[in-house]
Amino acid sequence: MFVYKSLAHPELVGNYVQPFTLDERLTHARQAVKKLGATIPWIVDPMDNRLKHALGDRANSEYIIDPTGTIVRKRAWSDPVAVRRDLEDLVGQVAKVTKPEDLGLPVVLTTAEPATNVEVARVSRLGMFPLIAQPKIAQGGMPFYVKLRCEAELTVIDDGKGKLYLGFHLDPFYQVHWNNLSKPLRFEFEVPDEIRLSETSGEAPRVKAESDVNPREFLIDVAQWPEDKPIRLTVTYFACTENDCREVTQVYEVHRRRDADGGAAPGAAFRGLTSEAMLKLLLSGDKNDDGQLTRSELNSVQRPRFADFDINADGILDKNELQKLADRTNAQALRDF
Amino acid sequence: MKCSAMFGILLAVIVLPAITWAQEPKRSEAEFVTDHPTVGDPLPDLVVYDPNGQEVKTSDLRGHYTVLTFGCLT
């Protein structure tokens, strides 16, 4: 049974953004069922993330429950081979092992091409963490066609000083775009005296292309932000289809508090990242600090790709191989994202 | 394969976990596995939903073996 929970990596493939409502989560899950073609049932965690929290807050964990409702296996990172072994232990061997290729599943990457691929300056936000930005959802109100992602440097969360990122992302589920002939998105903070920001309002820059779907992003310098003072933010934008543009005004309450369920948006963070920084990231799994990665220093997701990157097949990802991987990833990031 | 798709795969298998390591509090797999609820504990009794919005109680999963997988679609 697959568990749909808050996205671990919003904005990565397909530009999916964190849903704000249960209905949006259910829509994600239904689309995943359809796209992946799997017959495995899904359950959807409610917006308070109760199942994720109750079961340890891991992005990719796995549990086996026995017929009495007791946990009989638990691992931090799902491992299909290990699960098969577990089930053979618990239930017995099957006459014929079903392989993925037997199922005729569609091979799907959740890519969604932008309506118009235009250059819009992106903001790098490496090392930032998501903040809690509560949308004020009105009963019967318009959907949040555009969703705010708010991130900040750790110094903002800890001390109320540093860089604050605002990203207004179109939710691909609503199939709207920016019409750049209409007024650009505009936001405004309501800030009491004790909060000091470099800007208290902003307007997205004009984009030459008639339409696009790239996010509108801002970096704000925070000079002072008491922990107990949330900031009210109002955003106004036009959500457009081919035939119609709707003016939308929506409100958020932004807290100086990390959103532990916000996931990491690394696709965005890579923009503007140097290959040196990319290399550093790759080496963050280097447990013995020797500047190389062995198979055992990769986790179970990375491990199956080890051979692809071990160019000289010596069982070690040495500095040269890691640098090539970093350069390649970085070059593709610059070209494709 | 399109570069963007290939890059997506690269991110997913190599760099994403690195970012996750960098951004999540470090807790070892061993710690996670021994944290409660753990093996021998009952699955917490919670109400969640099926994709059509119908309530599902985790206690309804009793009666057969169930594998619960938290995944990273994105």
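Predicted model only: the values in this text are computed from it and were never measured. Quick note on labels: first sequence line is chain A, next is B, and so on, each numbered from 1.
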* To do: Report yes if the side chains of A:Lys147 and A:Gln18 come closer than 4.5 Å at any heavy-atom pair, otherwise no.
  => no
Examine whether an atom of [X] lies under 4.5 Å from a heavy atom of chain B, and if so say whether it belongs to the side chain, the backbone or both; otherwise answer neither.
{"X": "A:Ser61", "answer": "both"}
{"X": "A:Arg75", "answer": "both"}
{"X": "A:Leu55", "answer": "both"}
{"X": "A:Leu154", "answer": "neither"}

* Asked: Looking at A:Pro41, A:Ala76, A:Ala54, A:Pro46, which makes the most heavy-atom pairs under 4.5 Å with chain B?
  ->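 Option with the top pair count is A:Ala76.
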* Structure fact -> Ranking A:Thr27, A:Leu90, A:Val33 by heavy-atom pairs under 4.5 Å to chain B gives rank one to A:Leu90
In terms of heavy-atom proximity below 4.5 Å to chain A, should [X] be classed as side chain, backbone, both, or neither?
{"X": "B:Asp45", "value": "neither"}
{"X": "B:Val56", "value": "side chain"}
{"X": "B:Thr66", "value": "both"}
{"X": "B:Pro42", "value": "both"}

* List the atom of A:Ile157, the atom of A:Ala152, and the distance in Å for their closest heavy-atom pair. =>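 Smallest heavy-atom distance, with atoms named: CD1-O, 4.4 Å.
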* Asked: chain A: which of B:Leu43, B:Asp41, B:Leu68 shares the most heavy-atom pairs with it under 4.5 Å?
  -> B:Leu68
* **Output field: ring centroids A:Phe2/A:Trp42 closer than 6.0 Å** => yes
* Asked: In chain order, what residues pass the ring-ring contact (aromatic ring centres under 6.0 Å, His included) check against B:Tyr65, with sequence neighbours excluded?
  ->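 B:Tyr65 satisfies ring-ring contact (aromatic ring centres under 6.0 Å, His included) with no other residue.
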* Asked: Going by the angle between their ring planes, with limits at 30° and 60°, are A:Phe173 and A:Tyr16 parallel, tilted or perpendicular?
  -> tilted
* Can you check whether A:Glu151's main-chain N or O pairs, donor with acceptor, with A:Arg125's side chain at less than 3.5 Å? -> no
* To do: Just do the side chain to side chain donor-acceptor pair (under 3.5 Å) check on A:Asp261 and A:His53 with the steps written out, would you?
  => CA-CA 9 Å; A:Asp261 298 312; A:His53 293 168; 2.8 Å; yes
* To do: Given side chain to side chain donor-acceptor pair (under 3.5 Å), test A:Thr21 with A:Asp23 step by step and report yes or no.
  => CA-CA 5 Å; A:Thr21 65; A:Asp23 278 346; 5.4 Å; no
